[in-house]
Amino acid sequence: MPRASSKKASSASTTSSTMDLFRSASGKAASKELDRIDQVFYTYANKSSGLIDPEGIEALCSDLEVEHTDVRILMLAWKLQSEKQGYFTLEEWRKGLKALRADTFQKLKKALPELEKEVRRPSNFVDFYAYAFRYCLTEEKQKSIDIESICVLLDLVLGSQFRPQVEALVQYLKTQSDYKVINMDQWMGFYRFCSEISFPDFSNYDPELAWPLILDNFVDWMREKQG
């Protein structure tokens with residue numbers, strides 16, 4: 001009996017040693033991954049602020065061969081959960097690139113098409129769409145965005161999916177004079193409208209439902225145009 005007990009102890013000791021080695025190797029790999037992620041960050045970060053600032057983002061875009069106005073850069077900001085427009089912190093960068101499994105510049109470049117697919121999934125897109133609005137709130141306590149910026153943002157985030165609706169909405173927003181700014185509720189209403197309402201006949205649009213008033217006005221404007 002003592003011998004059996006000794007074997008069990010030896011086996012347990014071996015298993016424990018193996019687990020320790022695995023943890024150590026895993027920890028070293030994670031540490032190296034983080035070092036590589038940091039290395040990419042500091043390639044673009046401003047040395048004095050320790051942040052990737054607008055200039056750094058422009059350099060990053062140039063190396064990624066995408067325009068700084070490309071929707072995929074906004075998608076990257078969403079993935080990083082960047083809190084301040086035009087700036088990425090080291091912590092945001094680390095979380096985002098780990099989630100993308102992109103610990104080198106080349107991997108980041110290759111990750112962009114997959115990131116776009118991820119964002120386009122309906123379960124993620126509503127969150128991304130709401131984030132796009134919040135990302136443009138650049139002042140403290142700001143709750144609305146001016147019409148001109150909203151038109152650009154609508155085109156950027158919805159233009160590829162709902163081109164006719166977006167073009168009509170942008171035209172309406174630029175010609176009307178009742179609204180100078182758009183709030184989050186109206187912004188979310190635009191997406192719901194584009195994805196749910198038959199266009200351009202509006203056959204299933206019911207103004208009695210809880211639509212923002214601006215959309216009732218938009219539908220009236222469109223119907224007048226259609227004669």
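- Annotation: F125 is in aromatic contact with Y191 [ring centroid separation under 6.0 Å].
- Y129 is connected to L156 through a chain of hydrophobic side-chain contacts under 4.5 Å among Ile, Leu, Val, Met, Phe, Trp and Tyr, so both are in one cluster.
- A salt bridge links E65 with K109: the closest approach of a Lys/Arg side-chain nitrogen to an acidic carboxylate oxygen falls below 4.0 angstrom.
- V181 and F133 sit in two unconnected hydrophobic clusters of ILVMFWY residues. Membership requires side-chain heavy atoms under 4.5 Å apart, directly or through other members.
- Connection of M188 to Y172 is established within a shared hydrophobic cluster, with ILVMFWY side chains joined at heavy-atom distances below 4.5 Å, either directly or through further cluster members.
- Open room surrounds CD on E67; 12 or fewer heavy atoms of other groups in view lie less than 6.0 Å from it.
- Under a 4.0 Å N-O distance rule, the pair E118/K79 qualifies as a salt bridge.
- For the pair D185 (side chain) and P212 (backbone), a donor-acceptor distance under 3.5 Å is absent.
- Shown here is E55, whose CD atom has no more than 12 heavy atoms of other residues, nucleotides or ligands within 6.0 Å.
- Atom NZ of K110 has 12 or fewer neighbouring heavy atoms from other residues, nucleotides or ligands inside a 6.0 Å radius.
- Side-chain contact check for W187 versus L153: some heavy-atom pair is nearer than 4.5 Å.
- Using modelled atom types, one side-chain atom of Y131 and one backbone atom of A77 make a donor-acceptor pair closer than 3.5 Å.
- In this structure, the side chains of L173 and F218 stay at 4.5 Å or more apart for every pair of heavy atoms.
- At least one side-chain heavy atom of L60 sits under 4.5 Å from a side-chain heavy atom of F105.
- Within the 3.5 Å criterion, the main-chain N or O of D201 finds no donor-acceptor partner in the side chain of S198.
- For R94 and D38, the salt-bridge test passes: some basic side-chain N is under 4.0 Å from an acidic carboxylate O.
- K98 contributes atom NZ, which lies 6.0 Å from atom CG of L34 (distance to the nearest 0.5 angstrom).
- For the pair F41 and L97, the minimum side-chain heavy-atom distance is 4.5 Å or more.
- The 12-atom threshold is exceeded at NZ of K107, counting heavy atoms of other residues, nucleotides or ligands nearer than 6.0 Å.
- Atom-to-atom distance recorded for L76:CG and S82:OG is 9.0 Å, nearest 0.5 angstrom.
- Residues V157 and L74 form a side-chain contact, since some pair of their non-hydrogen atoms from C-beta on lies under 4.5 Å apart.
- We find that R36 and E33 are not joined by a salt bridge, their nearest charged nitrogen and carboxylate oxygen being 4.0 Å or further apart.
- In this structure, I182 and F190 have side chains that are in contact, with non-hydrogen atoms separated by less than 4.5 Å.
- Applying the 6.0 Å contact sphere to CD of Q142 captures more than 12 heavy atoms from other residues, nucleotides or ligands.
- Residues V126 and V71 share a hydrophobic cluster, clusters being chains of Ile/Leu/Val/Met/Phe/Trp/Tyr side chains in contact below 4.5 Å.
- With hydrogens and angles disregarded, no donor-acceptor distance shorter than 3.5 Å links the side chain of E224 to the backbone of W221.
- Checked against the 6.0 Å centroid threshold, Y205 and F193 count as a close aromatic pair.
- Taking the six-membered ring for Trp and the full ring otherwise, the centers of Y135 and W78 sit at least 6.0 Å from each other.
- Under the 4.0 Å criterion applied to side-chain N and carboxylate O atoms, R163 and D155 are assigned as salt-bridge partners.
- Listed for the E148 side chain is no donor-acceptor partner under 3.5 Å among the backbone atoms of C151.
- More than 12 heavy atoms of other residues, nucleotides or ligands shown are found within 6.0 angstrom of CD on Q226.
- Taken from CG in L80 to CH2 in W93, the straight-line distance is 6.5 Å, to the nearest 0.5 Å.
- Judged by distance alone, with hydrogens and angles left aside, the side-chain atoms of T175 form a donor-acceptor pair with the main-chain N or O of Q171 at under 3.5 Å.
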**Message:** Evaluate E83 against R134 for salt bridge (charged side-chain N to carboxylate O under 4.0 Å, His left out), listing each step before the verdict.
**Reply:** CA-CA 9 Å; E83 288 188 8; R134 291 195 303 273; over 6 Å; no
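- Contact annotation: the side chain of C194 never approaches that of Q161 to less than 4.5 Å [non-hydrogen atoms, C-beta and beyond].
- Checking each of I52, I57, L51 against Y44 for a side chain to side chain contact (heavy atoms under 4.5 Å, CB included) leaves exactly one that passes, namely I52.
- Between F202 and F199, the gap from one ring centroid to the other is short of 6.0 Å.
- Each of Y42 and Y87 belongs to its own hydrophobic cluster when Ile, Leu, Val, Met, Phe, Trp and Tyr are linked at side-chain heavy-atom distances under 4.5 angstrom.
- Taken to the nearest 0.5 Å, the CG atom of D53 stands 11.0 Å off from the CZ atom of F88.
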